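First up is the structure itself, then whatever we jot down about it.
Keep in mind that what you see is a predicted model, and the values were worked out from it rather than measured.
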Amino acid sequence: MALGPGFRQQQRQSQKLAMTQRLQQSIQMLQFNVEELRDFLSQKALENPLIDVDTNWNSNHASLSAVKNRSTQADFIEQVSTTNRRSLFEYLLDQIHLTMRDTHLRQIVLYLIEYVDVSGYLRVDEAQAMRETNATPIELLDAITLLQQLDPPGVGARNLQEALMLQTENDEQAPNLAYIILEENFEAFVNRQWAPLAKQYDVTLADISSIYDYVRTLSPTPGAAVGQETTGYIFPDLVVSQQAGQLALKTASMAQPVVKFKGNYFQQMNQHDDQEVTEYLKEKKSEYEWIASSLQQREATIFRVGTVIIDRQADFFLEKTTELQPLLLRDVAQQLQVHESTISRSINGKYIQTDFGMFELKRFFTKAVTKRPTDGQLVSADNVQHRIVALIEAENKEKPLSDQKIVQILKDENVELSRRTVAKYREKLNIPSSSKRKQYLKTE
């Protein structure tokens, strides 16, 4: 009798632990994107003989990357990176074997490519390299020169200046003075000290500005384009379409994995008169039911959140405008009567497919930064940022708009912001200050 209460207490702890694990599993499933969800369910299918998973899509079908205006599975998959089968090291190694004779100098180059990082820069201690390859300073310099003659242009550079010089040297279309200025006056050039440069080389400010525009087209990471070995795909969770001027939302069922119960296998195994097998099957069936229920709940939650989004941001979907209305996690959470963390999990890594592109759900959440004094209407940070971009794109490049001038223009449009806020948005958009945007244009 003394062991009874203790035994019952242990059972209650076990049930509480199981519920906690299942609750965590349900939360995980909501947080996963489509691809992560597939991986999770495939693993569960390996662990549970009663679960079968239909992923609906074969990752080997690389040709099914997003293609506009095609009514195929491709419409629901967006390829976000390009496959390249060889790493940068392998790419350089192939070139060395094809173009260089088997000499001591080639052995030094082979040594050096082991110290080329993924961005294409040579990160080697030259003194150590000479010791380990028995190279003289001249031989090492010759080997580095040979390395820098390989493709892609700029590979083997030891700093940004050298990377830009190598790319310029390799480009027949480069402006005449570009290489010389990069070599002789790199610091002054990147710091836009153009007036003394124009005087030194007897050219106009517009000429220097043109060279600057060219240099900006070069890659600061010349090796990055080689060696991307994986192809990433974006799978939508929702699809929105227009029907008679109204928005219609549906789940992107083509991309969603489906969990099936192996009923025949369950019936076959359940005929065994073995209590251990019976308990095992009961446990695995219960796990299937929980996973199926969690999947339905995940789909329903994302759909409900999507419904609120298209209702609040209807102009974006109907008129294909880039402007968004203010929308916070808190607003949706209150409307759906769930916790904000649930909304956060429902939008991160989840995408909605439209007839003009794929968008992450969190893209549609933006804070209100001010009210129009004329009508009290809220203005979102997204709207303000788009307006700043439009103003800067339309500005006189010889007299770019200062942050204070942008503040004044927005104020005239009944949007009141501080100069500090405008500067913060401009920096967030990776837009340089007015002094660094200034260009000197040639006059006919």
Exercise for the section: Answer yes when D237 and K350 have at least one side-chain N-carboxylate O distance shorter than 4.0 Å, and no when they do not. Expected result: no

Practice task
Output yes when K284 and E47 qualify as a salt bridge under the 4.0 Å nitrogen-oxygen rule, no when they do not.
Solution key: no

Could you check whether any side-chain N or O of [X] sits under 3.5 Å from a backbone N or O of [Y], counting only pairs where one atom can act as donor and the other as acceptor?
X: S286; Y: K282; answer: no
X: Q161; Y: L182; answer: yes
X: Q149; Y: L146; answer: no
X: S119; Y: Y121; answer: no
X: T168; Y: L164; answer: yes
X: T342; Y: V338; answer: no
X: R437; Y: P432; answer: yes
X: E360; Y: G349; answer: yes
X: Q167; Y: A163; answer: yes
X: S344; Y: E340; answer: no

With a sphere of 6.0 Å drawn around [atom1] of [X], does it hold more than 12 non-hydrogen atoms of other residues, nucleotides or ligands?
X: R123; atom1: CZ; answer: yes
X: E276; atom1: CD; answer: no
X: Q297; atom1: CD; answer: no
X: H339; atom1: NE2; answer: no
X: K44; atom1: NZ; answer: yes
X: R419; atom1: CZ; answer: no

How about [X] and [Y]: does a side-chain donor come under 3.5 Å of a side-chain acceptor?
X: D412; Y: Q408; result: yes
X: Q246; Y: Q242; result: no
X: D125; Y: Y115; result: no
X: T421; Y: S418; result: yes
X: D151; Y: Y91; result: yes

Provide the closest heavy-atom pair for [X] versus [Y] in the form atom of the first, atom of the second, distance.
X: V34; Y: R298; value: N-NH2, 4.2 Å
X: N170; Y: P153; value: ND2-CG, 3.1 Å
X: L37; Y: P257; value: CD2-CG, 3.8 Å
X: Q256; Y: R38; value: N-NH2, 4.4 Å
X: F364; Y: Q313; value: O-NE2, 3.0 Å
X: S346; Y: L30; value: OG-CD1, 3.6 Å

State, with a plain yes or no, whether a side-chain heavy atom of [X] is found less than 4.5 Å away from one of [Y].
X: V384; Y: L417; value: yes
X: D117; Y: L88; value: no
X: L327; Y: V332; value: yes
X: F365; Y: I347; value: yes
X: E299; Y: R304; value: no
X: D403; Y: R426; value: yes
X: F186; Y: I181; value: no
X: R387; Y: L410; value: yes

Separation between [atom1] of [X] and [atom2] of [Y], rounded to the nearest 0.5 Å:
X: I343; Y: L328; atom1: CD1; atom2: CG; answer: 12.0 Å
X: I302; Y: I352; atom1: CD1; atom2: CD1; answer: 11.5 Å
X: D52; Y: Y288; atom1: CG; atom2: OH; answer: 10.0 Å
X: L247; Y: I310; atom1: CG; atom2: CD1; answer: 5.0 Å
X: K262; Y: N48; atom1: NZ; atom2: CG; answer: 8.5 Å

Exercise for the section: Any chance you could lay out the side chain to side chain donor-acceptor pair (under 3.5 Å) test for Q267 and Q271, step after step, and finish with the verdict? Expected result: CA-CA 7 Å; Q267 293 297 335; Q271 293 176 3; 5.9 Å; no

Exercise for the section: Dump the intermediate steps for side-chain contact (heavy atoms from CB on, under 4.5 Å) on L401 and I409, then the final yes or no. Expected result: CA-CA 10 Å; L401 299 172; I409 294 174; 4.1 Å; yes

Practice task
Decide side-chain contact (heavy atoms from CB on, under 4.5 Å) for L295 and L41; before the verdict, give the C-alpha distance in whole Å, the side-chain angles of both, and the deciding distance to 0.1 Å.
Solution key: CA-CA 10 Å; L295 271 177; L41 294 175; 4.1 Å; yes

Practice task
Could you check whether the rings of F266 and F261 sit parallel, tilted or perpendicular, using 30° and 60° as the cut-offs?
Solution key: tilted

Practice task
Determine, step by step, whether Q148 and E162 satisfy the side chain to side chain donor-acceptor pair (under 3.5 Å) criterion, reporting the C-alpha distance in whole Å, the side-chain angles of both residues, the deciding distance to 0.1 Å, and the verdict.
Solution key: CA-CA 10 Å; Q148 293 176 347; E162 193 171 36; 3.2 Å; yes

Practice task
State whether Y212 and R192 meet the cation-pi test: NZ (Lys) or CZ (Arg) under 6.0 Å from the six-membered ring centroid, and within 45° of the perpendicular axis.
Solution key: yes

Practice task
Find out whether the Lys NZ or Arg CZ of R363 is both under 6.0 angstrom from the six-membered ring centre of Y351 and within 45° of the ring's axis.
Solution key: no

Handout entry: Derivation of the side-chain contact (heavy atoms from CB on, under 4.5 Å) call for I388 and I392
Key = CA-CA 6 Å; I388 291 173; I392 291 176; 3.9 Å; yes

Problem - Step-by-step side-chain contact (heavy atoms from CB on, under 4.5 Å) determination, K438 to K399 - result: CA-CA 6 Å; K438 187 172 183 178; K399 296 180 180 180; over 6 Å; no

